[in-house]
There are 2 protein chains.
Amino acid sequence: MKETDLINQITPSFYRQSSVVTGIGDDGAVIKPPNGHELVIVADAMIEDVHFSLNYMNLSDVGHRVLAANVSDLIAMGSKPLYYIITLGVPSDYNHKDIQLLYDGLNQLAKVYNMDLIGGDTTSSNKLMISITAFGSVLPNRKRLRSQADAGDVVFVTGYLGESGYGLHLLNDQIDEDYFINRHKRPVPRQDFLYASEPLSRVCLNDISDGISTELNEIAEASLVNIEINYESLPVHEEMKKLNSTFLKELILSAGEDFELVGTCSVQEWKQLEQSCQKLNIPIKSIGTVTSSSSTPKVNLIEGDQITLLDRKGYEHS
Amino acid sequence: MKETDLINQITPSFYRQSSVVTGIGDDGAVIKPPNGHELVIVADAMIEDVHFSLNYMNLSDVGHRVLAANVSDLIAMGSKPLYYIITLGVPSDYNHKDIQLLYDGLNQLAKVYNMDLIGGDTTSSNKLMISITAFGSVLPNRKRLRSQADAGDVVFVTGYLGESGYGLHLLNDQIDEDYFINRHKRPVPRQDFLYASEPLSRVCLNDISDGISTELNEIAEASLVNIEINYESLPVHEEMKKLNSTFLKELILSAGEDFELVGTCSVQEWKQLEQSCQKLNIPIKSIGTVTSSSSTPKVNLIEGDQITLLDRKGYEHS
């Protein structure tokens with residue numbers, strides 16, 4: 001299909017955000033970011049048979065999922081989603097209906113977050129490739145960086161861990177359990193957390209894209225702190241507790257792609273955050289503490305009376 | 001190679017633009033666009049064996065070229081280049097040296113335009129894939145849109161046409177003519193045109209990425225005007241005048257990828273633009289006129305006493 005047709009097909013008839021000055025239709029888009037705000041820019045790409053398979057996901061799922069990954073990054077920076085740009089590599093046998101399905105998935109999620117598609121590029125490729133750059137706005141003193149953890153902080157996590165990884169496992173085994181499979185195919189980033197955490201003066205935040213072991217190590221390294229978490233405190237769905245304990249541990253510590261949030265805040269503000277989350281129906285749980293500042297940052301996992309060192313991959317070292 | 005290694009390898013040690021609040025190293029970058037300016041966002045992707053071949057381009061050329069395509073779009077919007085974000089799909093057999101070469105090409109051009117790499121994503125893929133989103137700033141009344149052509153305008157073009165296409169032809173035939181080959185491998189977008197055109201109250205502008213036939217039709221359609229250009233006025237390098245006339249015409253009208261600029265301005269401001277370009281050593285030439293407003297926009301090509309209708313592909317219809 002021709003690029004001009006494709007562009008016409010996905011050009012929106014209106015823009016939800018008033019800060020879009022010029023959308024699709026020129027060499028570039030023009031925006032006027034909201035006054036007093038900073039602009040957050042994130043990027044996340046997915047390639048067929050690397051990040052997803054069309055054997056178990058349809059094109060609408062794929063569209064939803066890649067935008068969800070970007071929205072999750074925006075939220076993890078504390079920013080309100082605004083717009084996105086998409087670069088598509090489209091196999092030659094795709095038709096208008098395929099592109100419409102992909103776009104439906106993108107647009108359904110974009111609508112939830114009031115986001116606009118403001119530009120992009122399309123090209124041919126062997127495998128479907130989708131690269132998104134997404135934009136959000138944030139007040140300078142409400143940025144939520146991974147470098148903002150302090151000694152004494154409570155470490156928290158939203159939702160339940162390992163659900164997306166378990167969903168993928170079920171898909172691969174062709175077992176039909178809609179809840180977990182949807183957690184993999186159609187993750188919904190926690191925009192409400194922005195409102196719940198808005199009053200807090202300081203929140204250190206990461207989204208769980210690569211597994212909690214990676215995210216906690218990133219926080220420790222960026223903030224130069226040591227972190228200690230309790231394995232028994234990690235939130236797990238009742239249904240998953242029946243799984244083989246080694247497999248369960250792997251899912252919890254390393255699977256990622258849940259697009260839940262992990263972060264830290266002061267003990268003083270933790271109660272407030274817990275209450276705000278409860279009001280907004282966001283499951284949130286304290287899972288450990290930031291024990292100390294450190295020039296050799298590390299993450300310890302406590303399980304019973306055992307303490308092990310948790311590396312980025314989720315492997316434990318004694 | 002590991003993604004964290006790759007990110008460390010390409011993370012700059014400093015940022016040239018003071019409007020970068022937070023660069024690489026968190027879930028996203030944070031910028032504070034210059035006061036009173038709007039932000040222009042462009043995107044352009046290149047995939048191995050679709051847009052380039054590593055048989056005749058090295059990885060540094062590839063890096064240069066994909067960023068040049070984006071910079072060219074920024075300039076065509078009238079905006080000053082600021083930053084870029086890159087998504088890389090890297091084949092599994094690439095090593096650090098390969099990535100460094102690619103990055104050298106990007107960085108050499110970024111330095112010329114004072115641009116910063118502020119973020120991105122990397123993933124594995126079969127073929128090398130590079131997707132760039134680039135950012136520029138522009139004063140609201142200095143945007144150069146393709147919808148800004150008016151009846152009576154002079155139509156102009158910078159540089160010479162078809163050089164990049166001729167360079168690609170020489171490469172495919174393994175003929176060594178450095179000048180044209182470099183025009184294909186290492187095009188240099190015309191940032192100086194921003195300064196030359198800065199005093200003009202209105203400029204309609206496109207960069208020549210897809211061939212002048214496409215660009216002129218885009219201008220006609222976006223501005224709702226008819227355009228007439230003279231084939232004999234189109235600027236051609238002396239050396240290329242020796243070519244077979246059919247082949248030459250194809251190169252001039254359709255080859256594109258020169259990343260020169262085509263646009264229109266009022267007759268009153270044309271003299272001023274011509275003089276400013278002369279001072280800055282930018283070759284610029286009047287090639288025709290915007291003849292009238294039109295609800296059925298078209299582009300006519302005059303050659304001797306023949307007038308033909310020029311479509312987007314560069315085909316002529318009588």
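Reminder, nothing fancy here: chain letters follow the sequence lines and each chain counts from 1. In this text, all values refer to a predicted model and were calculated from it rather than measured experimentally.
Per-residue counts of heavy-atom pairs under 4.5 Å with chain B were compared for A:Ser72, A:Gly28, A:Gly89, A:Ala222; the largest is that of A:Gly28. Chain A forms more heavy-atom pairs under 4.5 Å with one residue of B:Asn206, B:Leu74, B:Asp49, B:Leu205 than with any other, namely B:Asn206. Interface summary for chain A: among B:Thr22, B:Ile31, B:Val42, B:Val50, the most heavy-atom pairs under 4.5 angstrom belong to B:Ile31. The residue among B:Asn35, B:Ile118, B:Thr87 with the most heavy atom pairs within less than 4.5 Å of chain A is B:Thr87. For chain B, the option among A:Gly119, A:Ala76, A:Ser19 with the highest count of heavy-atom pairs below 4.5 Å is A:Ala76.
Here B:Tyr84 pairs with nothing under the ring-ring contact (aromatic ring centres under 6.0 Å, His included) rule; sequence neighbours left out. Under the salt bridge (charged side-chain N to carboxylate O under 4.0 Å, His left out) criterion, A:Asp311 pairs with no residue at all, not counting sequence neighbours.
When heavy atoms are compared at a cutoff of 4.5 Å, A:His37 approaches chain B solely by way of its backbone atoms N, CA, C and O. Of the atoms belonging to A:Ala29, heavy atoms from both backbone and side chain fall under 4.5 Å from chain B. Looking at B:Val21, only its side chain comes within 4.5 Å of chain A, counting heavy atoms on both sides. Heavy atoms of A:Ile47 lying under 4.5 Å from chain B belong exclusively to its side chain.
A:Ile41 has its side chain within reach of B:Ile85: a pair of non-hydrogen atoms, C-beta onward, lies under 4.5 Å apart.
Panel note: side chain B:Asp121, backbone A:Ala45; a donor-acceptor pair is recorded below 3.5 Å.
Within the structure, the salt bridge (charged side-chain N to carboxylate O under 4.0 Å, His left out) test picks out the following pairs touching residues 25-42 of chain B (sequence neighbours left out): A:Arg146-B:Asp26, A:Arg146-B:Asp27, B:Glu38-B:Lys143.
Residues of residues 125-138 of chain B placed with any heavy atom under 4.5 Å of a heavy atom in chain A are listed by number as B:Ser125, B:Asn126, B:Lys127, B:Met129, B:Ser131, B:Thr133, B:Phe135.
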